[in-house]
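None of these values were measured; they are calculated from a predicted model. Chain letters run A, B, ... following the sequence lines, proteins first and then strands; every chain starts at 1.
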2 protein chains.
Amino acid sequence: MNGKSPKIQDVAKVAGVSTATVSRALSNPDLVSDKTRTTVLDAVAKTGYRVNRAAKNLRKRQSDAILALLPDLGNPFFSQILSGIESVFTTSDLSLLVSDTKGIREDNLLDYFMDMRADGMILLDGAIPRNILSQLQSSSFGNRIIFACEWKPEFDFPSVRSDNFGGAVQAIEHLYGLGHRKIGHISGPRNNVLTKERLRGVEAAMADLDLPINREFFIDGGAFSLDAGAQAARSFMEMSDRPTAIACGSDLIAMGFISEISRRGLKVPDDISVVGFDDIEIAGSYIPSLTTIRQNRTQIGVLAASYLLDQIANRITDNAAQVQEVGVKLIARQSTAAL
Amino acid sequence: MNGKSPKIQDVAKVAGVSTATVSRALSNPDLVSDKTRTTVLDAVAKTGYRVNRAAKNLRKRQSDAILALLPDLGNPFFSQILSGIESVFTTSDLSLLVSDTKGIREDNLLDYFMDMRADGMILLDGAIPRNILSQLQSSSFGNRIIFACEWKPEFDFPSVRSDNFGGAVQAIEHLYGLGHRKIGHISGPRNNVLTKERLRGVEAAMADLDLPINREFFIDGGAFSLDAGAQAARSFMEMSDRPTAIACGSDLIAMGFISEISRRGLKVPDDISVVGFDDIEIAGSYIPSLTTIRQNRTQIGVLAASYLLDQIANRITDNAAQVQEVGVKLIARQSTAAL
DNA sequence: TCGTTTTCTGTAATCGATTACATAAAGTCG
DNA sequence: CGACTTTATGTAATCGATTACAGAAAACGA
């Protein structure tokens, strides 16, 4: 150990073979004889050799990294998904790069591929501008991209997502089962795909159950946040005729809503039942604990990461862009009650 | 545009100069004449050239990436810090790599430096095994590491953290100010530095205020989680003589605690006042909204990232390992009330 | 004007791996 | 046994940038 990192040359010298053989012994063990392989491995252990990633990647024209692009790194919703993604990459010796889309707008996503910073991307933001996506799609990197959670309907990149429609249906059916007939909905960000799917589910379920759809009961929250819920609560309080139950576009909306109406004297679930969507960590400990639709976020991460790896390695034969829907499940807790 | 990424050679040809000049024009503009520079920049624009990171990094023996190492990527607590970190790196053209310590134990952290995957590290986990840290410290990469949030007292890596001691003091003083004299504490993970600092703060404040320290009122939560709080609530219910106020080691503990005692018929803040620590996003919308100690997590991320960059680039002259403490602030809400 | 310094640019070595190609040795088969 | 295939290894080109070194041109000073 003289402080300098050993190079493949050093290993070759110690093992008494050529650098080519060392390289092969490490990355293509079948190509060398058993004896040579053990000699080389010993030499590697002895020298403490580690492959220099920059050199390897330059030669192989790759980067050994995947970028996960989030709408907002500060949003805790995504941490579970990241965790799922990372668990896959760790076993593949890939690095996980993260960035949020705020920094992206101007400088181009394509650059990550062009300058070899990433071999693939997992997009968690459905609001990436169309022109950037077209550019990606028509480039030679179009098949190194996958959407997770959110997606962009006009593009046929593969995607992994929850069954948002089905989740909304479950929420409505649950409320119906408890006897509720006047059901409202607070939706998320206006142009968000999740918002639309969930709204579609709500309406479909209501139609199926022969419930009259009262537009007054549909509040446009405008975001998935606590604030949106609180805001919606204010609209709610002003209604002359109020629904007895509300299905929310997210848990945060639900909590913001409950928080605000409680402050104004209403009780959940006595005066109104509330269902969330997501099942974030605190949902079970909120007071009242929140009935919600559980999304398996870790699995979404795992599936997206695995699929992307297969895709990059060309292991996917069927080249129709694939949509994987992950099942969701209603978790009944105390924010909903029989009428 | 024939689909192949242009190389520096191509730019050189278009601009009618050597590759050396192109390189200089891009990374050391002062070294070339004004005229040449504009010619080169035009050629770059015309060809759509982007520097190949692997080649650049190989030559410069760097990686253009910083690793953030979290105890648990799935834990939403860290997302804000990551966001702060990322905001700094984006402006520096550095990539942010993330990983959690679960994958680390076996394979060595030092490897990230050895194989040039990272130029530096931000450690958010105080529980990294001692031998790994010693190895890092004694390597030539010892000065490319910084702790954020948590830290390891025996090592003198620089670190950025909240004023945990001061936060605990504020919590106790707040409760004292409301008239509470029988004050308890639920602590976090046993060997965690934050746990220790906060406990120290609690005890110091109590001593200062001449409050008797009743060991029965100190519950060992064992973790910062909701569950720990719920568990502690059960111990609490069994006490013959109960404190009238509790300072918790984290917001999650506080919420788990409130949730559980509410289920058992106690009311917050009527029967007992509760203070959290962290001010996580939902704290303000919890019911009751949580009085807590606000940590500026984004700023911790920003400071850690900036300091690390300075350290790597400028070789910070003052080589005494620096500890930066970020101030915290008590946010009074509805989970605490006058006795 | 001539020598000296400064500014600008080009040539070619270099970073540290992988791998195409060549070749020697070993194995196969009629 | 000789022709042919397979296996194992080495030599050297290659990936695409940066930069040490050198030389030409321009600026400067006396």
Side-chain angles (χ1 to χ4, degrees), chain A residues 3-41 43-44 47-65 93 111-117 119, chain B residues 3-41 43-44 47-65 93 95 111-119:
Chain A
K4 289 266 149 269
S5 313
K7 315 191 259 178
I8 200 170
Q9 290 280 3
D10 305 322
V11 179
K13 202 153 291 175
V14 172
V17 298
S18 72
T19 62
T21 300
V22 175
S23 176
R24 284 190 279 250
L26 290 175
S27 49
N28 259 99
D30 305 344
L31 290 183
V32 304
S33 71
D34 290 359
K35 203 171 67 173
T36 313
R37 192 182 326 127
T38 45
T39 314
V40 170
L41 261 33
V44 166
T47 53
Y49 171 73
R50 303 249 83 209
V51 165
N52 178 313
R53 297 298 253 261
K56 172 182 181 168
N57 290 337
L58 169 58
R59 180 60 222 240
K60 303 189 83 171
R61 295 145 165 277
Q62 62 178 24
S63 70
D64 269 1
D93 198 37
D111 285 355
Y112 274 87
F113 289 124
M114 295 277 287
D115 64 13
M116 308 242 49
R117 257 177 307 172
D119 293 337
Chain B
K4 289 267 149 267
S5 313
K7 314 192 260 181
I8 199 170
Q9 290 279 2
D10 304 322
V11 179
K13 200 152 296 174
V14 172
V17 298
S18 72
T19 61
T21 300
V22 174
S23 177
R24 285 189 279 250
L26 290 175
S27 48
N28 258 100
D30 305 343
L31 291 182
V32 304
S33 70
D34 289 359
K35 200 171 69 173
T36 313
R37 190 178 331 123
T38 46
T39 315
V40 170
L41 260 32
V44 167
T47 54
Y49 171 73
R50 302 249 82 209
V51 164
N52 178 313
R53 297 300 252 261
K56 170 181 182 167
N57 290 337
L58 170 58
R59 179 59 223 242
K60 302 189 85 170
R61 294 145 166 278
Q62 61 178 22
S63 70
D64 268 1
D93 199 37
S95 297
D111 285 356
Y112 274 87
F113 289 125
M114 296 278 289
D115 64 13
M116 309 241 50
R117 255 177 307 170
D119 293 338

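The pair D119(A)-K60(A) does not count as a salt bridge, with every side-chain nitrogen at least 4.0 angstrom from each carboxylate oxygen.
With hydrogens and angles disregarded, a donor-acceptor distance shorter than 3.5 Å links the side chain of T38(A) to the backbone of K35(A). Counting only distance, with no hydrogens or angles, the side chain of N28(A) and the backbone of L31(A) share no donor-acceptor pair below 3.5 Å.
Rounded to the nearest 0.5 Å, atoms OH (Y112(A)) and CZ (R53(B)) are 8.5 Å apart.
In this model, no donor atom of one side chain and acceptor atom of the other lie less than 3.5 Å apart for T36(A) and T39(A).
Looking at residues 30-41 of chain A, you'll see that no heavy atom sits under 4.0 Å from any atom of DNA chain C.
Between M116(B) and L58(B), every side-chain heavy-atom pair lies at or beyond the 4.5 Å cut-off. Contact check for R117(B) versus D111(B): side-chain heavy atoms found under the 4.5 Å cut-off. The closest side-chain heavy-atom distance from V14(A) to D10(A) is not below 4.5 Å.
Using five terminal pairs a side, the axes of the helix from dT1(C)-dA30(D) to dG30(C)-dC1(D) at its two ends make an angle of 30°, given in steps of 10 degrees.
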> Which letters describe nucleotides 17-24 of chain C, given B = protein heavy atom under 4.0 Å from base, S = only from sugar-phosphate, - = neither?
Replying inline: SBBB----
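Atom pair L58(A):CG and dT14(D):P shows a separation of 14 Å (rounding to whole Å applied).
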> Can you check side-chain contact (heavy atoms from CB on, under 4.5 Å) on R37(A) and V40(A), steps first, answer last?
Replying inline: CA-CA 5 Å; R37(A) 192 182 326 127; V40(A) 170; 5.8 Å; no
>> What verdict does the side-chain contact (heavy atoms from CB on, under 4.5 Å) test give for L26(A) and L41(A), after you've listed the backbone C-alpha separation in whole Å, the side-chain angles of each residue and the deciding distance to 0.1 Å?
In response: CA-CA 8 Å; L26(A) 290 175; L41(A) 261 33; 4.0 Å; yes
